Amino acid sequence: MRIVIAEDAVLLRAGLVGLLERAGHEVVAEVADAPALEAAVRALAQLPDIVITDVRMPPAMTDDGLRAAVRIRHDHPSMPIMVLSQYVAPAYATTLLDQPCAAGTGYLLKERVGRVGDFMTSLAMVAAGGVVVDPEVVTSLLRSRQTDPRLARLTAREREVLALMANGAANSQIATDLVITPAAVAKHVANVFAKLDLGPDEENRRVRAVLAYLNSGLDT
């Protein structure tokens, strides 16, 4: 993958670059502030496969990185974005997740980067158009949201499947976690789509299903 990284902490940025390059990816730009992130994406002749950005960055050291990511997504709706944060801050995740788009979106705590295998899996999933949200952030979001009435249609097993989808699990991982067959997972996922009124013509149905879950107070 061709990747742009925005991170103001020099050691973490260098660590990310090294980690990604050792995995065979190409870091096409690495920057230390939000304006430079937007400038880097504009300057590239070919858009990157994914943007990885911190939330709190110069110049204001508030949510500059997140706001830059939102503007990039506005200009390039198909751009996958992976946000890394030092804090759970569900409001930050909501800002990105509530955007209408057909692109992959990720929000992970920085501590997850240390779990290299999981981080790489999450990165690949977001680049492929999926949604990956840190489990701690999911928990915080669910405490503060109102239940989507469509979710009441789901069975207990379907809610379990949807919860795992929200944590970034692919069908194969869901099958392993729930100790059921891949065919059973596929059936449950299809039922989730149907009960959430996400027909075959809906773009990125998996993303939309996860967003319905995250925009709810559903307790699995």
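One is the number of the first residue; the rest follow in order along the sequence. Every value quoted in this text rests on a predicted model; they were computed, and no experiment measured them.
- Clustering ILVMFWY residues whenever any of their side-chain heavy atoms sit less than 4.5 angstrom apart, transitively, puts Leu16 in the very cluster that holds Val126.
- By the 4.5 Å heavy-atom criterion applied to side chains, Leu47 and Val41 are counted as neighbours.
- Using a 4.5 Å heavy-atom threshold, the side chains of Ile72 and Leu37 count as touching.
- Within the model, atoms CZ of Arg42 and NE2 of His76 stand 9.0 Å from one another, a figure rounded to the nearest 0.5 Å.
- Between Lys195 and Thr155 the shortest side-chain heavy-atom distance falls below 4.5 Å.
- Checked by atom type and distance alone, the side chain of Asp63 never pairs as donor or acceptor with a backbone atom of Val55 at under 3.5 Å.
- Between the side chain of Glu7 and the backbone N or O of Ala9 there is at least one donor-acceptor pair closer than 3.5 Å.
- Looking only at side-chain heavy atoms (C-beta outward), Glu26 and Met1 stay at 4.5 Å or farther from each other.
- Side-chain atoms of Asn171 never come within 3.5 Å of backbone atoms of Val185 as a donor-acceptor pair (strictly under, hydrogens ignored).
- Distance alone, capped at 3.5 Å, is enough to place a donor-acceptor pair between the Arg159 side chain and the Leu154 backbone.
- Residues Thr53 and Met82 have side chains not in contact (no heavy-atom distance under 4.5 Å, counting atoms from C-beta outward).
- At a threshold of 4.5 Å between non-hydrogen side-chain atoms, the residues Pro48 and Leu44 count as touching.
- Contact check for Val132 versus Phe119: no side-chain heavy atoms found under the 4.5 Å cut-off.
- Side chain of Asp64 to backbone of Met61: a donor-acceptor contact under 3.5 angstrom is found.
- Between Arg153 and Asp197, some side-chain heavy-atom pair lies under the 4.5 Å cut-off.
- Considering Lys110, Gln86, Arg13 in turn, Lys110 is the only one that fulfils the side chain to side chain donor-acceptor pair (under 3.5 Å) rule with Asp54.
- Between Arg73 and Thr105, the side chains place a donor N or O and an acceptor N or O closer than 3.5 Å (distance only, hydrogens not considered).
- By the 6.0 Å contact criterion, NZ on Lys187 is open, its count of non-hydrogen atoms from other residues, nucleotides or ligands being 12 or less.
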(message) Walk me through whether Arg67 and Thr62 qualify under side chain to side chain contact (heavy atoms under 4.5 Å, CB included).
(response) CA-CA 10 Å; Arg67 286 188 285 116; Thr62 55; 3.8 Å; yes
